[in-house]
Every structure is written in structure tokens, then in C-alpha cells.
Visitor: 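Below you will find the structure I want to go over with you.
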Amino acid sequence: MFYDGGLFMGGMHWLGWIFWLGLIVVLVLVVLRRGGEPRQPVRETPHEILRRRLANGEIGADQYEQSKALLDRDTAGKT
């Protein structure tokens, strides 16, 4: 009843291969396109760096306050 000499099932087999090959090509193109774009480094402001260092425990609260006052004084003089 469903036997056609193997022609139909052979066609389905090739459709399966074409599907997987197309999927692999699309995935490779997506990965290459993503990796090809140069990434811009995130630039932190001096105040952000100072806050991060305080949060990481690299500096104490008194050193943070001194450095922050120095930064505030320098930025106030530029405007």
C-alpha cells in the first residue's frame, strides 16, 4: 500500500541531510558574525573605579573619602 520502490523514502532521507546541513551552516554563520565584531572595552569613570575598589576591599573607607574628595576637587576645577 505505501511501498513505492524506495523512491519516496530515499527523498525523505536526503531532505533530512539537507536540513541538518543547513542548520549547521546557519549556526556557523551566526557564530562567525558574532565573533567578528570588535568589542569596545567598557570604560569606567574614575568614580566608578574608586567605588569598585572600595567594594572589593582594596581600599578602606578613609582612603575612599580622600580620593573621592580629590577627584571631586579636580572635576570641579575643570568645569
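Worth knowing before you read on, the calculation uses all heavy atoms, side chains too, and leaves out hydrogens, waters and symmetry mates. Bear in mind the structure is a predicted one, so any value in this text is a computation, not a measurement.
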Visitor: Is the closest side-chain heavy-atom distance between Gln63 and Leu54 below 4.5 Å?
Guide: no

Visitor: Can you tell me how far the CD atom of Glu65 sits from the CG atom of Asp72, to the nearest 0.5 Å?
Guide: 9.5 Å

Visitor: What I'd like to find out is whether the side chain of Leu50 reaches to under 4.5 Å of the side chain of Ile59, using heavy atoms alone.
Guide: yes

Visitor: Give, for atom OG of Ser67 and atom NE2 of His47, the distance between the pair rounded to the nearest 0.5 Å.
Guide: 10.0 Å

Visitor: Using every non-hydrogen atom in the two residues, find where Glu48 and Arg43 come nearest and quote the distance to one decimal.
Guide: OE1-O, 4.3 Å

Visitor: In chain order, what residues pass the salt bridge (charged side-chain N to carboxylate O under 4.0 Å, His left out) check against Arg53, with sequence neighbours excluded?
Guide: Glu58

Visitor: List the steps, then state whether side chain to side chain contact (heavy atoms under 4.5 Å, CB included) holds for Arg73 with Leu70.
Guide: CA-CA 5 Å; Arg73 186 190 70 188; Leu70 182 63; 3.0 Å; yes

Visitor: Quick one: does Leu27's side chain get under 4.5 Å of Val31's, heavy atoms only?
Guide: no

Visitor: Calculate, to the nearest 0.5 Å, the distance between atoms CZ and CD belonging to Arg52 and Glu44 respectively.
Guide: 4.5 Å

